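Basis for what follows: all heavy atoms, side chains included, without hydrogens, waters or symmetry-related copies. Being a predicted model, the structure only gives us computed values, none of them experimental. Note that ligands are numbered from 1 as they come in the structure, with each ligand's atoms numbered from 1 the same way.
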Amino acid sequence: MGNVALKGIDSDTKAVPRSRAFTARLEEFRLDDTSKTGRDAALPRARGEGRHPSQRILFATPEIADFVKVGGLGDVSSALPRALAAHHDIRILMPAYREVRNSALNIRRVGHLPAHAELPACELGEMTCADGMVIYVLLCPELYERDGGPYGTGPGGYGSGGWEDNDIRFARLSLAAAQIAAGQAGLDWQPQLLHLNDWTCGLAPAYLEWMGRQVPSVFTIHNLAYQGLFDRSRCTALGIPDSAFHIEGVEYYGRLSFMKAGIVYASHVTTVSATYAQEITTPEFGCGLEGLLCCKAQQGRLSGIPNGIDDSWDPRTDAHLVQAFSSNDWRGKRANADYVRHRFGLAPSAGPLFAMVSRMVHQKGVDLVIDAAPSIVQAGGQLVFIGSGERRVEEQLDRLAERYPGAVAAYIGFDEYEARCIYAGSDFLLMPSRFEPCGLSQMYAQRFGSLPIAHRTGGLADTIEDGVTGFLFEGANLASFMLAIQQAFSVYHSTELFYAMRRAAMTGRYHWRQSIAPYTQLYRRICNEAGVEVRQAG
Ligand SMILES: Nc1ncnc2c1ncn2[C@@H]1O[C@H](COP(=O)(O)OP(=O)(O)O[C@H]2O[C@H](CO)[C@@H](O)[C@H](O)[C@H]2O)[C@@H](O)[C@H]1O
């Protein structure tokens with residue numbers, strides 16, 4: 001275990017970043033000014049941006065935080081369609097998992113989706129949320145009503161421990177999107193455009209192609225590392241023609257790739273930050289698909305549109321918190337810190353509280369945090385982890401907490417309430433991700449006045465201002481990470497600077513409203529290219 005000493009942390013302020021730009025930028029936040037911290041004050045309101053073309057869009061997703069959330073995609077699927085609904089007739093499609101069936105919302109049967117190959121026929125239900133958002137749900141109990149997560153029984157669900165029939169389950173979801181778009185579901189509503197998310201929806205544009213139907217589609221990559229790879233022998237069961245199993249189709253190194261299908265057959269590919277859109281065209285981040293993604297980029301068919309966060313993430317009003325707070329008054333933040341220390345068995349302390357709220361997987365660099373922990377503790381810091389993921393990592397976290405009672409706490413599990421209190425109560429959020437398509441945690445942390453310490457990659461590079469709203473370090477290795485942690489300690493002990501950074505972080509403009517215009521322009525462009533008539537919204 002690398003234990004890099006943090007020498008002279010208390011007195012050494014040399015490590016505090018003090019470039020001219022940094023000083024000038026932070027000067028704005030030295031004294032509190034509530035007009036700056038009023039969130040999104042300068043952002044146009046959703047309906048105030050003028051006239052937008054309005055399209056009928058079906059947004060297909062495997063998870064939505066209203067019912068089931070494994071990670072960031074659940075948040076995006078809940079918030080993005082709602083932000084877009086002010087301008088488009090957008091509806092959501094997802095499987096009717098047990099959590100959906102058990103929800104208080106009434107499900108009306110509105111359509112029927114025919115079988116195809118070994119994909120069973122199923123009913124289509126419609127639910128209307130309290131805010132009017134319409135969600136179509138795939139009613140197929142044998143595929144979706146199970147004890148366990150949407151992707152499997154394994155913690156975190158994405159990777160190992162996936163359901164054995166995930167090929168059928170998510171081919172069924174993809175086919176449903178295609179059938180609805182093709183007008184084969186018996187609905188009185190037909191989308192003009194599909195917006196598809198991750199490998200679980202990747203076959204949708206391919207099915208449309210094989211049906212001979214031209215419906216424009218956007219395929220959004222939230223994480224290229226999870227590709228939905230299956231044995232080629234499964235093609236027949238999934239109704240994939242032999243003629244599509246080649247290098248320019250669904251074939252990926254001899255296997256069937258749902259992710260590749262989405263990239264190949266969709267009209268346009270997006271990912272969730274500008275930096276990640278560029279990174280995935282390189283061998284280091286492209287997961288073997290960099291050649292294809294490079295071609296897409298050259299054709300102008302790959303772009304990065306950053307995620308945002310929704311209005312529920314406001315420390316002044318969030319009912320999950322022990323006490324509300326704003327950048328005017330840190331008492332509420334301290335009350336949340338006291339709660340977190342008490343709740344997770346940490347000792348009272350005047351030192352900084354570091355947090356990690358994450359799926360505990362290799363991507364997130366949790367091993368680096370585990371290696372850094374002894375030095376953080378030695379320097380007077382405390383650490384709280386909340387997350388679940390790879391069993392081996394969970395066990396390491398438990399051992400770490402046992403080794404440093406009162407200084408390190410690990411909560412293995414998923415709990416939205418505690419996660420929000422941890423963002424609110426912590427001083428720093430650790431996010432040394434090896435890659436990060438966008439990342440929402442660092443945006444939530446900033447909004448709640450917890451400064452992220454993050455690897456300069458993907459969306460982290462795009463949403464953290466180094467030395468102003470957080471700390472960025474180059475290269476996902478322990479030495480660089482420790483230097484950033486050292487800077488954080490120095491800033492923590494320089495109270496005025498620390499509060500100025502907190503205020504700067506809390507003003508970050510990461511609202512979904514920022515994403516409406518780029519998505520709208522993209523939808524309009526691909527509809528125009530496909531000859532789909534778009535009406536002007538009133
Ligand atoms: N134990 C726990 N209890 C409660 N809440 C927990 C939790 N562990 C994590 N969370 C929550 O899960 C979400 C994680 O979202 P991220 O976007 O940061 O990462 P994720 O890798 O899941 O998403 C992927 O998709 C999103 C969406 O596009 C991209 O931002 C990201 O880069 C990509 O890896 C946050 O809402 C966080 O608060």
Side-chain angles (χ1 to χ4, degrees), residues 59 61-65 68-80 149-151 155-159 195-200 219-226 270-277 279-280 285 287 304-310 312-313 318 320 340 344 355-366 384-390 393-394 397 409-424 426 429-448 450 452 454-455 457-464 510 512 515:
F59 185 95
T61 179
E63 58 175 289
I64 168 165
V68 183
K69 169 173 160 181
V70 170
L73 176 55
D75 289 353
V76 172
S77 301
S78 177
L80 176 59
Y151 311 107
Y158 273 145
H195 189 150
L196 308 156
N197 294 282
D198 266 354
W199 71 267
T200 47
F219 178 66
T220 298
I221 299 171
H222 296 268
N223 196 331
L224 192 60
Y226 301 103
T270 66
T271 186
V272 285
S273 70
T275 297
Y276 191 62
E279 286 173 344
I280 57 177
F285 296 97
C287 303
I305 302 178
N307 289 333
I309 63 178
D310 69 39
S312 74
W313 293 89
D318 190 338
H320 297 86
V340 170
F344 295 100
M356 185 167 192
V357 182
S358 182
R359 293 183 296 109
M360 295 299 172
V361 295
H362 187 70
Q363 171 195 347
K364 303 291 182 181
V366 58
V384 57
F385 295 86
I386 180 168
S388 56
E390 292 160 11
V393 178
E394 293 177 357
L397 290 176
Y411 176 98
I412 305 300
F414 193 94
D415 190 316
E416 178 85 13
Y417 176 96
E418 302 296 4
R420 287 184 183 240
C421 290
I422 289 175
Y423 288 123
S426 58
L429 181 85
L430 300 173
M431 223 169 154
S433 309
R434 293 191 160 76
F435 66 94
E436 195 60 74
C438 178
L440 298 171
S441 301
Q442 82 283 4
M443 294 196 251
Y444 297 147
Q446 287 176 78
R447 174 107 334 138
F448 281 34
S450 177
H455 177 210
T457 187
L460 299 174
D462 297 354
T463 56
I464 298 168
Y510 305 121
W512 280 111
S515 314

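The shortest N or O to N or O distance between Met431 and ligand 1 is not below 3.5 Å. Looking at ligand 1, you won't find any N or O of Ser388 less than 3.5 Å from one of its N or O atoms. Residue contacts with ligand 1: Cys438 is placed with a nitrogen or oxygen under 3.5 Å of a nitrogen or oxygen of the ligand (distance criterion only).
Atom numbering of ligand 1 starts at 1 in the shown order; those under 4.0 Å from a heavy atom of Val272 are 28 (O). Residue Tyr423 has at least one heavy-atom neighbour below 4.0 Å for each of these atoms of ligand 1: 37 (C), 38 (O). Listed by number with element, the atoms of ligand 1 under 4.0 angstrom from any heavy atom of Gly387 are 1 (N). Less than 4.0 angstrom separates some heavy atom of Ala419 from each of these atoms of ligand 1: 4 (C), 5 (N). Near Ile386, the atoms of ligand 1 lying under 4.0 angstrom from a non-hydrogen atom of the residue are 1 (N). Near Asp75, meaning under 4.0 Å from one of its heavy atoms, ligand 1 places the atoms 35 (C), 36 (O). Below 4.0 Å from some heavy atom of Asn223 lie the following atoms of ligand 1, by number and element: 34 (O). Close approach to Gly439 involves these atoms of ligand 1, each under 4.0 Å from a residue heavy atom: 17 (O), 18 (O), 29 (C), 30 (O), 31 (C), 32 (O).
Remark: Ile422 CD1 to Ile386 CD1 distance equals 4.5 Å, nearest 0.5 Å. With rounding to the nearest 0.5 angstrom, the CD atom of Glu394 is 5.0 Å from the CD1 atom of Ile412.
By the 4.5 Å heavy-atom criterion applied to side chains, Thr61 and Leu73 are counted as neighbours.
Within the structure, ligand 1 has Gly413 among the residues with a heavy atom less than 4.0 angstrom away. Assignment of Gly459 to the shell around ligand 1 is not supported, since no heavy atom sits closer than 4.0 Å. Residue contacts with ligand 1 do not include Tyr276, since none of its heavy atoms lies under 4.0 Å from the ligand. Residue contact check for ligand 1: Lys69 places a non-hydrogen atom closer than 4.0 Å to it.
Here Asn307 has side-chain heavy atoms under 4.0 Å from ligand 1, and that is the only part of it that gets that close.
Between the choices Glu418, Lys364, Met360, Gln363, the shortest heavy-atom distance to atom 20 (P) of ligand 1 belongs to Lys364. With distances taken over non-hydrogen atoms, the option nearest atom 17 (O) of ligand 1 out of Leu460, Leu80, Leu440 is Leu440. When Glu436, His222, Met356 are checked for heavy-atom proximity to atom 25 (O) of ligand 1, His222 turns out nearest.
Although no hydrogens or angles enter the test, the distance criterion places no donor-acceptor pair under 3.5 Å between the side chain of Tyr276 and the main chain of Thr271. Formation of a donor-acceptor pair under 3.5 Å by the Ser273 side chain with backbone atoms of Gly459 is found in this model. A donor-acceptor distance shorter than 3.5 angstrom exists from the side chain of Gln442 to the backbone of Cys438, with no hydrogens or angles considered. A distance-only check finds no donor-acceptor pair linking the side chain of Glu63 to the backbone of Lys69 [under 3.5 Å]. For Arg434 (side chain) and His362 (main-chain N/O), a donor-acceptor pair under 3.5 Å exists by modelled atom type.
Aromatic ring centres of Trp199 and Tyr226 lie farther apart than the 6.0 Å criterion allows. For Trp313 and Tyr423, the ring centers are positioned less than 6.0 Å apart.
There is a side-chain donor-acceptor pair under 3.5 Å between Thr275 and Asp462. No side-chain N or O of Thr200 forms a donor-acceptor pair with one of Asp198 less than 3.5 Å apart.
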